[in-house]
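Some notes on the structure that comes next.
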Amino acid sequence: MSFGALSDIKILDLTQMLSGPYATQMLADQGAEVIKIEPPRGDMIRPAGPFRADDKDKTHGAYFQSVNRNKRGICLDLKTEAGKDVLKRLVRDADVLVENFRAGVMEKLGLSYETLIAENPKLVYGALRGFGDPRTGESPYTNWPAYDVTAQAMGGLIGITGADEDSPTKIGPGLGDIIPGMMLSFGILAALHHAQKTGQGQFVDVAMTDSILAVCERIIYQHSIDGSVPKPEGNFHPFLCPFGLYPARDGWVTIAAPRDEFFEMLAKNLDADDLLEDPRFAGQLARIQNKDALNARLCELTKLHSKAALTEMLGGLLPYGPVMTMAELPDDPHIKSREMIVDIEQPGSARPLSVAGVPVKMSETPGGVHTRAPGKGEHGDEILKEASFSEAEIAELRDAGAFG
């Protein structure tokens, strides 16, 4: 199936877990042909689940499905010479290869960037690691393994997240994986643009820790300005007020009204003229200097009302939004109209699986979620035939253990 702005791009995807597959999924969602190359045992997250009670197959854990849709799959045993030869041959006709192994793994396999770019000088080689690759900057942590929580911690995110400075908190979603994946997809597209202009491929290196520090940019300039060491500040902003999370009678809402016109509108719609009469809150600078008092008063006001009532009072007038849970999101008219929850086939279960939709909307070349994640090696023969392998060659490769 051909669709999207990237339908002419072929990507060999050696990635596993979350960070790398998220990067290639973003490209697949915009139409790139992504061939997921798994070892004979399969991606490590295949059996991780969760699974439905009626799932007979247990081959497509929801974690795996969520970040491997729109891809085709083949198994290769890259520890065999036959498997390595297949990869090299596939590389000759590919635009991109992506992997997220620890530094040195591909070198030990005899499949380094230098080896593969000799097969295809236009190849864009994307690598995602905890602390980067020595080719672009030697790190003392190069050989350290890393997961999401490692990057959140060492990139500065956990250090500014939590109820207070004594309660650092991990961010809920795996941003230590997902943000680096997003950065890698951007880097790959930038390198592809260069390759299409010049015929020259290159090595694209993304470190998980670097990516997290980049999105924590505020702490860097804060420290540069006044030497401060930003700490967790709970649900409010360090130098904007009101800006944060406020209690409702039946949950929580967000309000961001630091500008004078928004603040005046907030006070009037909450029937709180005292906020406008209090000199401590007259102007943005005064409000931030007295943010504790202002936030305390706003909490008293908001918790008198339900989320629905606050939405009626404030929604659309100023930056405001109720805190949504998965009990509420599927029925939200915005989520529905933007197709941000979509269903895909769930092998082994009678019911489809819901996954996140495509957030990047394109007017002329729309992306989309068209196919479930591949079964282990599901499209192997098909992919090899398209790469001009004969039936006899495929049989020989199978006998030689290329596919495990």
Side-chain angles (χ1 to χ4, degrees), residues 13-29 34 36-75 98 100-101 128 130 145-153 157-158 161 169-182 185 208 212 251 323-332 335-336 338-359 367-379:
D13 179 8
L14 296 173
T15 66
Q16 297 192 56
M17 301 294 285
L18 178 56
S19 59
Y22 196 92
T24 52
Q25 172 206 280
M26 288 187 67
L27 302 172
D29 285 350
V34 176
K36 185 171 180 68
I37 301 174
E38 297 180 72
R41 70 176 184 277
D43 189 317
M44 289 183 284
I45 63 168
R46 267 192 187 275
F51 296 98
R52 288 214 178 91
D54 74 332
D55 193 331
K56 303 181 298 296
D57 297 349
K58 292 189 167 48
T59 58
H60 287 67
Y63 185 169
F64 178 82
Q65 278 263 64
S66 180
V67 291
N68 287 290
R69 77 271 186 109
N70 288 333
K71 303 176 186 180
R72 293 193 295 163
I74 183 173
C75 284
V98 191
N100 63 338
F101 301 123
L128 197 159
Y147 278 164
D148 157 56
V149 71
T150 316
Q152 287 198 32
L157 185 57
I158 290 178
T161 305
T169 302
K170 180 186 83 67
I171 295 288
L175 295 188
D177 282 319
I178 291 171
I179 288 172
M182 296 169 71
S185 65
M208 295 164 66
I212 295 302
V323 174
M324 308 281 277
T325 70
M326 272 309 301
E328 300 162 308
L329 282 166
D331 295 323
D332 182 77
I335 301 300
K336 283 183 174 181
R338 302 286 292 180
E339 297 182 333
M340 281 311 300
I341 298 177
V342 298
D343 288 343
I344 55 175
E345 177 195 0
Q346 177 60 25
S349 176
R351 290 185 294 139
L353 176 74
S354 296
V355 296
V358 178
V369 179
H370 296 285
T371 61
R372 60 163 171 79
K376 191 170 66 172
E378 180 176 352
H379 307 98

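For this chain, numbers begin at 1 and follow the sequence in order.
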Check whether any side-chain N or O of H379 sits under 3.5 Å from a backbone N or O of I74 as a donor-acceptor pair, and report yes or no. no
Could you grab the distance from atom CD1 of I171 to atom CD1 of I178, nearest 0.5 Å is fine? 11.5 Å
Looking only at heavy atoms, the pair that brings C75 and P39 closest together is SG-O, 3.8 Å
With a 4.5 Å heavy-atom cut-off, do V342 and V355 have their side chains touching? yes
Could you state the interatomic distance from NZ (K71) to CG (D29), rounded to the nearest 0.5 Å? 9.0 Å
How about N68 and R46: do any of their side-chain heavy atoms sit closer than 4.5 Å? no
For E339 and G357, indicate whether the former's side chain and the latter's backbone hold a donor-acceptor pair under 3.5 Å. no
Between the CD1 atom in I37 and the CZ atom in R72, the distance rounded to the nearest 0.5 Å is 11.5 Å
Between the CZ atom in R351 and the CG atom in D55, the distance rounded to the nearest 0.5 Å is 11.0 Å
Work out which heavy atom in D43 is nearest to a heavy atom in Q16; give both atom names and the distance. CA-OE1, 3.2 Å
Donor-acceptor under 3.5 Å (K170 side chain, I158 main chain): no
Could you report the tightest heavy-atom contact between F64 and A373, atom names first, then the distance? CE2-CB, 3.5 Å
Can you find a pair of side-chain heavy atoms, one from T59 and one from K376, that are under 4.5 Å apart? no
Taking all atoms of both residues into account, what is the closest heavy-atom pair of N100 and S19, and its distance? ND2-OG, 3.5 Å
Any side-chain to backbone donor/acceptor pair from S66 onto Y63? Under 3.5 Å, distance only. no
Name the residue from H60, R52, Q65, R372 that meets the side chain to side chain donor-acceptor pair (under 3.5 Å) definition with Q346. Q65
What's the spacing between E378 CD and K36 NZ if we round to 0.5 Å? 13.5 Å
With D177 via salt bridge (charged side-chain N to carboxylate O under 4.0 Å, His left out) - residues at least two apart: none
Provide the closest heavy-atom pair for I212 versus G176 in the form atom of the first, atom of the second, distance. CD1-CA, 3.7 Å
Spell out, as yes or no, whether a donor-acceptor pair under 3.5 Å connects the side chain of D54 to the backbone of S349. no
Set out, in order, the CA-CA distance, both residues' side-chain angles and the distance that settles side chain to side chain contact (heavy atoms under 4.5 Å, CB included) for L128 and T15, then state yes or no. CA-CA 9 Å; L128 197 159; T15 66; over 6 Å; no
Over 12 non-hydrogen atoms of neighbours within 6.0 angstrom of CZ in F51: yes
Min side-chain heavy-atom separation L18-D148 under 4.5 Å: no
Can you sort out the partners of D343 under side-chain hydrogen bond (donor to acceptor under 3.5 Å, both in side chains), two or more places apart, ordered by chain and number? S354
Indicate the atoms forming the closest heavy-atom contact of A23 with S185, along with that distance. O-CB, 3.7 Å
For a 4.5 angstrom cut-off between non-hydrogen side-chain atoms, does V358 reach R69? yes
Indicate yes or no: at least one non-hydrogen side-chain atom of V369 is less than 4.5 angstrom from one of I344. yes
